[in-house]
Amino acid sequence: MLDANIPWQRNYKYLGVTLDKNLHFRDHIERVRNTALFYKARLGAMLGRKSKLSRGNKRTIYKMCIRTVMTYASPVFAHAAPKALHRLPVIQNKFCRAATNVHWCVRNSILHMDLELPTNTKYMKDASKRFFYIAGSHPNAIIRAAVDYQPPHPTHLIRRPRNVLTDPPDALTAAVKSLNDVNDTHDTHD
C-alpha cells in the first residue's frame with residue numbers, strides 16, 4: 001500500500017475483539033481471561049473472603065467490572081470451541097467461592113443460585129438471543145441479511161455464531177436450573 005509492504009498478521013484486534021485466521025477466538029478468549037483476572041486481582045481486597053462488603057455489593061462489582069470484560073462482544077465468539085470457552089466460567093466460579101467464603105465441598109451450582117448469577121454460558125446465550133433479535137428487526141436490510149442465514153445441518157463441522165442459540169445448556173447451567181426449579185416447587189408448597 002503506497003509502495004510499502006504490509007506485514008502479514010496472524011491476529012488482529014478490531015473493536016476490542018482479537019480475530020485470528022480461522023476465527024477460533026482462542027487468542028481473544030485468552031486475552032479476555034487475563035484481563036478479567038487482572039481486574040479480579042485488583043479488586044481482590046473488596047471481593048475476597050475477608051472483605052466486609054455484603055454479598056450483594058460484591059455481586060454488583062463483579063457484574064459491573066469483571067463480567068463485562070469477559071462477555072464483551074460475546075455474540076461474536078460464543079460459538080467458539082467449548083474447550084476454549086471453559087476457561088471463562090472458571091473465573092466466575094472462583095469469584096463465587098471468594099465472595100461467599102464457603103467450604104470447598106459446596107457445589108458451584110449452589111453458589112450461582114445463592115448469588116443469583118447466571119452461568120457465563122447462559123449469560124452469553126441470552127446476550128446472543130438479544131443481539132440476534134435486535135439485529136433481525138433492524139431497519140438496515142444489510143444487517144438483517146447478515147442475521148437471516150440458514151444454519152448448517154447440526155452434524156456439519158462449521159459453526160456459525162447463531163448456532164449458540166440451539167446448543168444445549170452445559171452441565172453447570174443445567175444444575176443451577178434444576179436447583180431453581182426445586183426451590184420454586186418448595187416455595188409454592190409453603
Side-chain angles (χ1 to χ4, degrees), residues 1-47 61-95 98 117-173:
M1 180 175 259
L2 301 175
D3 294 327
N5 288 334
I6 300 173
W8 181 260
Q9 296 287 324
R10 293 198 178 276
N11 327 358
Y12 189 76
K13 186 174 171 185
Y14 181 70
L15 297 177
V17 179
T18 306
L19 303 169
D20 57 23
K21 183 174 111 177
N22 295 322
L23 295 178
H24 291 296
F25 295 102
R26 287 185 196 106
D27 295 331
H28 175 74
I29 292 168
E30 187 62 28
R31 187 180 58 77
V32 164
R33 182 182 172 277
N34 289 337
T35 306
L37 286 173
F38 173 78
Y39 284 129
K40 186 177 174 297
R42 292 290 179 202
L43 297 170
M46 289 192 291
L47 301 176
I61 291 172
Y62 168 79
K63 286 170 56 178
M64 298 297 292
C65 299
I66 299 171
R67 183 171 71 185
T68 54
V69 169
M70 288 194 302
T71 59
Y72 170 72
S74 62
V76 174
F77 69 88
H79 69 285
K83 186 176 179 180
L85 284 173
H86 178 70
R87 299 180 65 128
L88 295 179
V90 169
I91 298 169
Q92 186 178 29
N93 295 339
K94 286 181 179 180
F95 160 76
L117 279 176
T119 61
N120 258 14
T121 311
K122 181 170 177 11
Y123 183 81
M124 289 194 308
K125 192 172 193 174
D126 292 345
S128 296
K129 283 180 185 174
R130 285 190 307 271
F131 171 78
F132 286 116
Y133 174 77
I134 291 168
S137 60
H138 196 275
N140 187 332
I142 296 172
I143 294 174
R144 279 194 317 270
V147 173
D148 294 335
Y149 64 85
Q150 291 298 320
H153 194 267
T155 58
H156 199 269
L157 298 176
I158 297 173
R159 294 210 10 107
R160 302 275 305 265
R162 202 165 183 149
N163 283 93
V164 75
L165 301 180
T166 59
D167 287 347
D170 64 329
L172 181 60
T173 304

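Everything numeric here is computed off the predicted structure, so don't read it as measured data. Note that the numbering runs from 1 along the sequence shown for the chain.
Using cut-offs of 30° and 60° for the angle between ring planes, the Phe77 and Phe25 rings count as tilted.
Rounded to the nearest 0.5 Å, atoms CG (Asp27) and CG (Asp20) are 6.0 Å apart. How far OG1 of Thr119 is from CG of Asp126: 8.5 Å, rounded to the nearest 0.5 Å. Taking CZ from Phe95 and NZ from Lys63, the interatomic distance works out to 10.0 Å, rounded to the nearest 0.5 Å. Atom CG in Asn120 sits 8.5 Å away from atom CG in Asn93 (nearest 0.5 Å). Arg26 contributes atom CZ, which lies 12.0 Å from atom CZ of Arg87 (distance to the nearest 0.5 angstrom). Taking OG1 from Thr173 and NZ from Lys125, the interatomic distance works out to 8.5 Å, rounded to the nearest 0.5 Å.
Closest heavy-atom contact between Cys65 and Tyr39: O-CD1, 4.2 Å. Taking each heavy atom of Leu23 and Leu19 in turn, the nearest pair found is CD2-CD2, 4.0 Å. Closest non-hydrogen pair, Met70 versus Tyr62, comes out as CE-OH, 3.2 Å. When all heavy atoms are compared, the tightest approach of Ile143 to Ala135 is CG2-O, 3.8 Å. Minimum heavy-atom separation, Ser74 to Ala127: OG-CB, 3.9 Å. Heavy atoms only, all atoms of each residue included: Ala78 and Ser128 are closest at CB-OG, 4.0 Å.
For Lys40, there are no salt bridge (charged side-chain N to carboxylate O under 4.0 Å, His left out) partners, not counting sequence neighbours. For Arg31, the salt bridge (charged side-chain N to carboxylate O under 4.0 Å, His left out) test picks out no residue, with sequence neighbours left out.
The main-chain N or O of Ile142 is found under 3.5 Å from a side-chain atom of Asn140 such that the two form a donor-acceptor pair.
A 4.5 Å side-chain heavy-atom check between Leu85 and Thr121 finds every atom pair outside the cut-off. For the pair Pro118/Arg67, a side-chain contact is recorded, criterion being any heavy-atom separation below 4.5 Å from C-beta on. Contact check for Glu30 versus Arg33: side-chain heavy atoms found under the 4.5 Å cut-off.
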